[in-house]
Amino acid sequence: DTRNPNSRLVQMLTSKSAKARTSMVEEHAGCWAVHTAPSRSIRYTRWDRLDQPIPGFSDPSKIVPRKKAVPWEKIPNARFKLGSRFAEPVGGAVEKLTSNAMLNDNLREERDKNRMVIAGQQHVKQIRKSIVFGEYDSALSHAEQALAMFSGAGKHGADLLTELSRGGPLGYIMGAVRLHVDKMLAQAKDNLQRSNYDKAMSLIPVLMEASAWLGGKGVIYPLASEPTFYEIRRGLAAIERPEGVKLVHKLKSDIETEERNLATGLEGQALASFF
């Protein structure tokens, strides 16, 4: 067989005497350089003698005949790879699942369910990011995908599924958006109290967008403020109290009024020094 690299060397070694064979082996070993560890690769060093045949290799000018490849017979309706346990047996024999095969099946299912839980947790993380950036519809789609992942994970995602399935994806997102609105509203009021009007005004678009999105879902938020003890004692509890987008507009007008009053006061103080 000319395709075997050692066939020529074996043929030459078997046709000589013992002394000649030893010298040929030594000459052949001297034609190769062995690199040091860890590669231990060999390299041919006698490129100046290419006119002579290289022991161990076939003649490069000779074309090695190869048999023509015959394509396999196609198996119709093959849903799985040939040789898979899930494929139909070719010979008609029935392969019984061993305990090891059943254990591997169980481990594979457990790994798949754990991966589904991890994917659902990634969607929950994206829900928080989307709400912070004001992408509420994207957060709703992530909630739906997280619910599907946790539902498919079985007992592995049962604990994480409880909060999502209580009010559905929409209810979960609406609750998260309400919490976000409460946080932004508290920050805006705190900045207004501290005379940080720029920071307070920067939160107004976020509140407007969140309140408008909740209004589109049929929920009015933020809610109207409760009457104080002073207002109840003096019969002022029945006055109109803004809620939802109107409350955000009122907060915006309060910020503008306070900022205008501060600017007027500073201007008066500056002019008082000249008179």
Side-chain angles (χ1 to χ4, degrees), residues 124-144 146-147 159-275:
V124 172
K125 187 186 299 183
Q126 291 298 325
I127 289 173
R128 303 192 190 103
K129 290 183 179 180
S130 299
I131 291 176
V132 169
F133 288 112
E135 301 171 354
Y136 307 116
D137 294 328
S138 176
L140 180 59
S141 66
H142 281 296
E144 294 172 352
L147 180 64
D159 297 335
L160 299 170
L161 183 64
T162 304
E163 189 174 359
L164 268 174
S165 60
R166 185 175 300 148
L170 181 59
Y172 178 80
I173 295 301
M174 289 169 60
V177 173
R178 284 198 293 265
L179 292 176
H180 184 62
V181 169
D182 290 338
K183 180 180 177 181
M184 294 295 105
L185 191 61
Q187 289 183 5
K189 290 181 178 179
D190 183 69
N191 288 320
L192 175 61
Q193 192 72 19
R194 297 172 184 270
S195 301
N196 295 330
Y197 304 119
D198 291 338
K199 289 185 178 180
M201 190 61 72
S202 66
L203 297 173
I204 295 298
V206 179
L207 290 168
M208 289 289 294
E209 186 177 359
S211 181
W213 187 84
L214 287 172
K217 302 298 180 183
V219 176
I220 299 177
Y221 205 83
L223 301 176
S225 59
E226 295 291 333
T228 61
F229 178 76
Y230 174 85
E231 293 171 341
I232 295 175
R233 287 292 299 267
R234 283 158 180 76
L236 303 176
I239 62 175
E240 183 181 0
R241 302 179 184 278
E243 58 183 359
V245 180
K246 293 181 179 180
L247 191 147
V248 180
H249 279 298
K250 183 179 182 302
L251 178 62
K252 181 181 179 181
S253 63
D254 292 344
I255 295 173
E256 292 174 347
T257 302
E258 291 292 334
E259 189 174 10
R260 193 180 307 112
N261 293 340
L262 177 63
T264 305
L266 293 176
E267 185 179 358
Q269 293 176 8
L271 293 175
S273 60
F274 292 98
F275 298 99

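The structure presented is a predicted model; accordingly, all values stated were derived computationally and were not measured. When a residue number appears, it is its place in the shown sequence, counting from 1.
Contacts of N196 classified as side-chain contact (heavy atoms from CB on, under 4.5 Å), with partners at least two apart in sequence or in another chain: N191, R194, K199. Checked against side-chain contact (heavy atoms from CB on, under 4.5 Å), L223 has the following partners two or more places apart in sequence or in another chain: Y221. Among residues two or more places apart in sequence or in another chain, the side-chain contact (heavy atoms from CB on, under 4.5 Å) test is passed with R234 by Y230, L236. Every residue two or more places apart in sequence or in another chain that forms a side-chain contact (heavy atoms from CB on, under 4.5 Å) with K183 is listed here: Q187. When the ring pair (Phe, Tyr, Trp, His ring centres under 6.0 Å) test is applied to Y136, the partners found at least two apart in sequence or on another chain are W213. With sequence neighbours excluded, no residue forms a salt bridge (charged side-chain N to carboxylate O under 4.0 Å, His left out) with E135. Applying the side chain to side chain donor-acceptor pair (under 3.5 Å) test to E231 and every residue at least two apart in sequence or in another chain returns R241.
A 4.5 Å side-chain heavy-atom check between L160 and V124 finds every atom pair outside the cut-off.
Within the structure, ring-ring contact (aromatic ring centres under 6.0 Å, His included) contacts touching residues 177-203 (residues at least two apart or in different chains) do not occur. Counting only residues at least two apart or on different chains, no side-chain hydrogen bond (donor to acceptor under 3.5 Å, both in side chains) pair has a member in residues 202-211. Within the structure, salt bridge (charged side-chain N to carboxylate O under 4.0 Å, His left out) contacts touching residues 254-269 (residues at least two apart or in different chains) are K250-D254.
Atoms NE2 and CG, on H142 and L147 in that order, are 14.5 Å from each other to the nearest 0.5 Å.
In the displayed structure, L179 atom CG is contacted under 6.0 Å by more than 12 heavy atoms of other residues, nucleotides or ligands.
D190 contributes no side-chain N or O that, together with a main-chain N or O of A186, makes up a donor-acceptor pair within less than 3.5 Å.
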